[in-house]
Amino acid sequence: VPHYTYLIIGGGMTADAAVRGIRQVDPGGSIALIGAEPDPPYKRPHLSKELWRGKPLEKLWCRTESQGVELYLGRTAKVLESQNKKVIDDRGAVYTFDRLLLAIGGMPRRFPFDTAENQIIYFRTLEDYRRLSEKGNRFAVIGGGFIGSEIAAALAMNGKEVVMVLRREGIGAHMFPHDLAMFLSDFYRQKGVEVLTGETPISVERRGEQLALVTQGIRISSKREILVDGIVAGLGIQPNVELAQAAGLGGG
Ligand SMILES: Cc1cc2nc3c(=O)[nH]c(=O)nc-3n(C[C@H](O)[C@H](O)[C@H](O)COP(=O)(O)OP(=O)(O)OC[C@H]3O[C@@H](n4cnc5c(N)ncnc54)[C@H](O)[C@@H]3O)c2cc1C
């Protein structure tokens with residue numbers, strides 16, 4: 001059983017920052033990182049910005065491995081026995097530690113109706129970026145928060161047709177003053193983005209190579225069908241708390 005002075009669960013930017021912090025005070029202690037994604041830690045914000053503006057993929061990486069750390073990627077920590085200082089991953093591998101950090105971030109919220117795998121991209125990971133950048137020409141983007149507005153802009157800047165579907169009256173309406181949300185929505189429209197407001201998705205169906213997104217008005221119950229090559233949603237995230245809760249940590 002491999003033993004580490006420091007074991008980090010999670011392979012995001014927090015994990016990378018923690019590795020660098022540890023190295024400042026302990027240059028020699030053994031560190032391991034268990035990350036569920038197949039990729040080593042990368043700069044997540046680039047996924048909706050720099051990569052679409054032509055920045056090369058190699059600028060994405062945090063280069064955590066340069067800090068002298070064992071990376072266990074594509075593995076999910078399933079069991080945490082805090083008393084025994086032991087972690088078991090989804091392949092049954094066991095790790096023991098002196099100190100543990102949970103840096104497991106959050107998972108995108110999903111639509112309850114979307115049960116079929118891989119129809120809607122709940123944009124969060126490099127895998128999601130790869131999938132989206134391989135898709136066709138016309139996209140529906142659901143949600144007017146940071147993810148929705150950034151991805152809509154990214155796709156439009158790359159010559160794609162974009163239809164935004166917003167529950168509220170404009171882009172960013174849940175965080176900006178009304179006038180600013182209206183200004184933003186007009187600005188996107190000027191750039192060729194179709195911005196639909198006061199609508200919410202109720203189902204998705206496959207139509208050959210394409211997807212049909214069915215939406216319903218919030219106030220008037222009229223339905224609309226939007227035919228696209230890909231659907232992206234940014235509905236916010238929920239924290240990953242299961243591992244800690246199952247281990248009896250916090251959550252009190
Ligand atoms: C497209 C996009 C753009 C963004 N842009 C900005 C921005 O401009 N400015 C800003 O401040 N923030 C931005 N954010 C938010 C920012 O990226 C997050 O706040 C940050 O990534 C959080 O890092 P984290 O490491 O704590 O969590 P996460 O990034 O969620 O990483 C957690 C990692 O742990 C892994 N994991 C979870 N459970 C387990 C387990 N049991 N075992 C192993 N691994 C596990 C996950 O797969 C994931 O890789 C953006 C987010 C996205 C998605």
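Counting starts at 1 for both ligands and their atoms, in listed order. Position 1 is the first residue of the sequence; numbering continues from there.
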- Query: Could you go step by step and tell me if Asp26 and Tyr6 meet the side-chain contact (heavy atoms from CB on, under 4.5 Å) rule?
  - Reply: CA-CA 10 Å; Asp26 185 354; Tyr6 308 93; 2.7 Å; yes

[Y]/[X] salt bridge by N-O under 4.0 Å criterion:
| X | Y | result |
| --- | --- | --- |
| Glu199 | Arg224 | yes |
| Lys59 | Glu50 | no |
| Arg124 | Asp128 | no |
| Glu225 | Lys223 | no |
| Arg63 | Glu58 | no |
| Arg130 | Asp39 | yes |

Distance flag for [atom], protein heavy atom under 4.0 Å:
| atom | value |
| --- | --- |
| atom 15 (C) of ligand 1 | no |
| atom 5 (N) of ligand 1 | yes |
| atom 10 (C) of ligand 1 | no |
| atom 19 (O) of ligand 1 | no |

If the cut-off is 4.0 Å to any non-hydrogen atom of [X], which atoms of ligand 1 fall inside it?
| X | answer |
| --- | --- |
| Gly105 | 27 (O), 28 (P), 30 (O), 32 (C) |
| Arg75 | 43 (C) |
| Gly106 | 30 (O) |
| Thr76 | 40 (C), 41 (N), 42 (N), 43 (C) |
| Phe123 | 1 (C) |
| Ile9 | 40 (C), 42 (N), 43 (C) |
| Ser48 | 1 (C), 2 (C), 3 (C) |

To which of [options] does the heavy atom nearest [atom] belong?
| atom | options | result |
| --- | --- | --- |
| atom 52 (C) of ligand 1 | Leu47, Ile147, Asp128 | Ile147 |
| atom 36 (N) of ligand 1 | Thr14, Ile104, Leu243 | Ile104 |
| atom 17 (O) of ligand 1 | Lys43, Glu37, His46, Arg44 | Arg44 |
| atom 22 (C) of ligand 1 | Glu242, Arg124, Glu150 | Arg124 |

Using a distance-only test with no angle check, is there a side-chain donor-acceptor pair under 3.5 angstrom linking [X] and [Y]?
| X | Y | value |
| --- | --- | --- |
| Tyr95 | Arg75 | yes |
| Asp98 | Tyr4 | no |
| Arg131 | Tyr129 | no |

Nearest protein heavy-atom contact for [atom]: which residue, which atom, what distance?
| atom | answer |
| --- | --- |
| atom 44 (N) of ligand 1 | Ala36 N, 3.0 Å |
| atom 33 (C) of ligand 1 | Gly11 N, 3.6 Å |
| atom 7 (C) of ligand 1 | Lys49 NZ, 3.6 Å |
| atom 13 (C) of ligand 1 | Pro45 CG, 3.9 Å |
| atom 41 (N) of ligand 1 | Ala77 O, 3.1 Å |
| atom 34 (O) of ligand 1 | Gly10 CA, 3.2 Å |

- Is the Trp61 ring parallel, tilted or perpendicular to the Tyr42 ring (thresholds 30°, 60°)?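 Correct class here is perpendicular.
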
- Task: Consider every N or O of Gly35 and every N or O of ligand 1, then say whether any pair is closer than 3.5 Å.
- Result: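 Between Gly35 and ligand 1, no N or O pair is found under 3.5 Å apart.
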
- Greater than 12 external heavy atoms within 6.0 Å of Arg167's CZ: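 No, because the 6.0 Å sphere around CZ of Arg167 holds 12 heavy atoms or fewer from other groups.
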
- Item | Sole residue of Lys85, His3, Glu81 in side chain to side chain donor-acceptor pair (under 3.5 Å) with Thr96 |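 Single side chain to side chain donor-acceptor pair (under 3.5 Å) partner of Thr96 among Lys85, His3, Glu81: His3.
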
- Task: Walk me through it: do Glu37 and Arg44 pass the test salt bridge (Lys or Arg N to Asp or Glu O under 4.0 Å)?
- Result: CA-CA 12 Å; Glu37 292 179 56; Arg44 210 175 286 287; 2.9 Å; yes

- Task: Work out whether the distance between some heavy atom of Met107 and some atom of ligand 1 is less than 4.0 Å.
- Result: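 Checking ligand 1 against Met107, which is what was asked, there is no heavy-atom contact under 4.0 Å.
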
